[in-house]
Amino acid sequence: MNKINYQKELEKIIVSLQGTAKVFLHSCCAPCSSYCMEYLRRYFDVTVFYYNPNIMNEEEYRKRVAEQKRLIDAYNRIEEQEVTNGTETEVFTLRKISFVEGEYDVARYLEAVKGLETAPEGGSRCGRCFELRLRETARVAKELGMDYFTTTLTISPLKNAQLINEIGGRIGEEYGIAFLPSDFKKNNGYLRSIELSKEYDLYRQNYCGCDFSKSIENNERGR
């Protein structure tokens, strides 16, 4: 089975847009959202949805959500952006970014991944986690009358973009709202997120969120 280039699919949708479309962007953290917001707000009205019950330490959760809000506030002070592609430069008028915080319910995450606590990082436990967060994103996006929902998760080189897009597409069909395909790491998106993280002095955590991934990270560092 041939892999789909989801970044190309996103670009096709952008070209076909007529008028202003609203996208509900699930964000896992400020650093990962940095490039995604910068890119999407050129073409969409973006609302960031911070829904991450997988962050099992509440102090860590509060720290990350505060960074997300700080970055959005900083972005909303920028009204235009010049983007150079080859020899051509285009000036974009940037739309304001809105913010919605989801319910912080670690118990819901633990129930979703029950029995998979020892699964390897990137395996079946992560798939359940993606599904939980994307399902809630689709539900709220539908309630708010959004045109699309999507997620920052595909920017990470450690995340399976094919799986994330497949889950998102399936959930979108269930809820009757379009999933915006993406592979945000493409076109140097991940590298740009690192640049933006340095520019805005963002807190960059060294594990995804759950204690299971933190334990794996610590074990790998000890090897």
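Numbering of residues begins at 1 and proceeds along the displayed sequence. Only heavy atoms go into these numbers, but all of them, side chains included; no hydrogens, no water, no symmetry mates.
Taking all atoms of both residues into account, the shortest heavy-atom contact from Thr150 to Leu180 is OG1-O, 2.8 Å. Nearest approach of Leu116 to Ser124, heavy atoms of both residues: CD2-OG, 3.4 Å. In terms of heavy atoms, Asn54 sits closest to Cys129 at CB-SG, 3.8 Å. A pairwise comparison of heavy atoms in Cys208 and Lys159 identifies SG-NZ, 3.7 Å as the closest pair. Closest heavy-atom contact between Ser27 and Tyr50: O-CD1, 3.7 Å. Between Leu163 and Gly127, the closest heavy-atom pair is CD2-CA, 4.3 Å.
With respect to the salt-bridge test (charged N to carboxylate O, under 4.0 angstrom), the residues Glu195 and Lys198 do not qualify. Ion pairing of Glu59 with Lys63 is absent here, as no side-chain N (NZ or NE/NH1/NH2) approaches a carboxylate O to less than 4.0 Å. A salt bridge is defined here as a Lys NZ or Arg NE, NH1 or NH2 lying under 4.0 Å from an Asp or Glu carboxylate O, and Asp147 with Lys22 fails to meet this definition. Using a 4.0 Å cut-off between a side-chain N of Lys or Arg and a carboxylate O of Asp or Glu, Glu80 and Arg41 do not qualify as a salt bridge.
Using a 4.5 Å heavy-atom threshold, the side chains of Cys29 and Gln68 count as separate. Between Leu132 and Pro53, the closest side-chain pair of non-hydrogen atoms falls below 4.5 Å. Inter-residue side-chain proximity for Glu121 and Leu158 is flagged as unmet; no heavy-atom pair is nearer than 4.5 Å. Side-chain contact between Thr137 and Thr151: absent, with no pair of heavy atoms (C-beta onward) separated by less than 4.5 Å. By the 4.5 Å heavy-atom criterion applied to side chains, Ile155 and Ser182 are not counted as neighbours. Using a 4.5 Å cut-off on side-chain heavy atoms (C-beta onward), Val23 and Asp45 make no contact. Side-chain contact between Glu90 and Asn85 is absent, with no heavy atoms from C-beta onward closer than 4.5 Å. Looking only at side-chain heavy atoms (C-beta outward), Cys210 and Arg125 come within less than 4.5 Å of each other.
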### Message
Under the criterion salt bridge (charged side-chain N to carboxylate O under 4.0 Å, His left out), I'd like the reasoning laid out for Arg108 against Glu111: C-alpha separation, chi angles, the key distance, then a yes or no.
### Response
CA-CA 5 Å; Arg108 186 175 178 188; Glu111 181 61 29; over 6 Å; no

### Message
If you apply the rule side chain to side chain contact (heavy atoms under 4.5 Å, CB included), what do you find for Arg204 with Ile194, and how did you get there?
### Response
CA-CA 9 Å; Arg204 290 181 66 88; Ile194 294 174; 4.1 Å; yes

### Task
Please assess Ser193 against Ser34 for the test side chain to side chain donor-acceptor pair (under 3.5 Å), listing each intermediate value before the final yes or no.
CA-CA 6 Å; Ser193 75; Ser34 59; 4.8 Å; no

### Task
Begin with the C-alpha distance, continue with both residues' side-chain angles, and end with the deciding distance and a verdict on side chain to side chain contact (heavy atoms under 4.5 Å, CB included) for Thr47 and Leu25.
CA-CA 6 Å; Thr47 297; Leu25 173 65; over 6 Å; no

### Task
Check step by step if salt bridge (charged side-chain N to carboxylate O under 4.0 Å, His left out) holds for Arg64 and Glu67.
CA-CA 5 Å; Arg64 294 190 197 185; Glu67 283 293 86; over 6 Å; no

#### Entry: Step-by-step side chain to side chain contact (heavy atoms under 4.5 Å, CB included) determination, Asn165 to Ile4
CA-CA 10 Å; Asn165 279 279; Ile4 297 171; over 6 Å; no

### Task
May I have the step-by-step check of side chain to side chain contact (heavy atoms under 4.5 Å, CB included) for Gln162 and Glu166, ending in yes or no?
CA-CA 6 Å; Gln162 184 85 14; Glu166 288 173 359; 3.3 Å; yes

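Residue pairs that meet the ring pair (Phe, Tyr, Trp, His ring centres under 6.0 Å) test with at least one member in residues 7-39, sequence neighbours left out, are Phe24-Phe49, Tyr35-Tyr39, Tyr39-Tyr43. Applying the ring pair (Phe, Tyr, Trp, His ring centres under 6.0 Å) test to pairs two or more places apart or on separate chains, those with a residue in residues 176-204 are Tyr75-Tyr200, Phe149-Phe179. Residue pairs meeting the ring pair (Phe, Tyr, Trp, His ring centres under 6.0 Å) criterion with at least one member in residues 98-133, sequence neighbours excluded, are Tyr61-Tyr104.
Residue Leu191 is not grouped with residue Leu40 when hydrophobic side chains (ILVMFWY) are merged at heavy-atom distances under 4.5 angstrom, including chains of intermediate members. At a threshold of 4.5 Å between side-chain heavy atoms, the hydrophobic network of Ile, Leu, Val, Met, Phe, Trp and Tyr places Leu94 and Val91 in two separate groups. There is a path of hydrophobic side-chain contacts, each under 4.5 Å, that joins Ile78 to Met37.
Environment of CD in Glu88: sparse, with no more than 12 heavy atoms of neighbouring residues, nucleotides or ligands closer than 6.0 Å. Shown here is Lys8, whose NZ atom has no more than 12 heavy atoms of other residues, nucleotides or ligands within 6.0 Å.
Considering only residues two or more places apart in sequence or on other chains, Arg135 meets the salt bridge (charged side-chain N to carboxylate O under 4.0 Å, His left out) condition with Glu131, Glu174. Arg139 is linked by a side chain to side chain contact (heavy atoms under 4.5 Å, CB included) to Glu136, Glu143, Tyr175, counting only residues two or more places apart in sequence or in another chain. Evaluation of the side chain to side chain contact (heavy atoms under 4.5 Å, CB included) rule for Asn187 yields Gln7, Glu11 as partners, not counting sequence neighbours.
The NZ atom of Lys142 sits 14.5 Å away from the CD1 atom of Ile171 when rounded to the nearest 0.5 Å. Distance check: Cys28 SG to Tyr51 OH gives 14.5 Å after rounding to the nearest 0.5 Å. Rounded to the nearest 0.5 Å, atoms CG (Asp211) and CE (Met56) are 4.0 Å apart. To the nearest 0.5 angstrom, Arg77 atom CZ is 12.0 Å from Ile72 atom CD1.
Side chain of Asn57 to backbone of Glu60: a donor-acceptor contact under 3.5 angstrom is found. For Ser156 (side chain) and Leu153 (main-chain N/O), no donor-acceptor pair under 3.5 Å exists by modelled atom type.
Both cation-pi conditions hold for Arg42 and Phe92: the charged atom is under 6.0 angstrom from the six-membered ring centre and inside a 45 degree cone around its axis.
Of the residues Leu202, Val48, Leu71, the one that meets the side-chain contact (heavy atoms from CB on, under 4.5 Å) test with Ser33 is Leu71.
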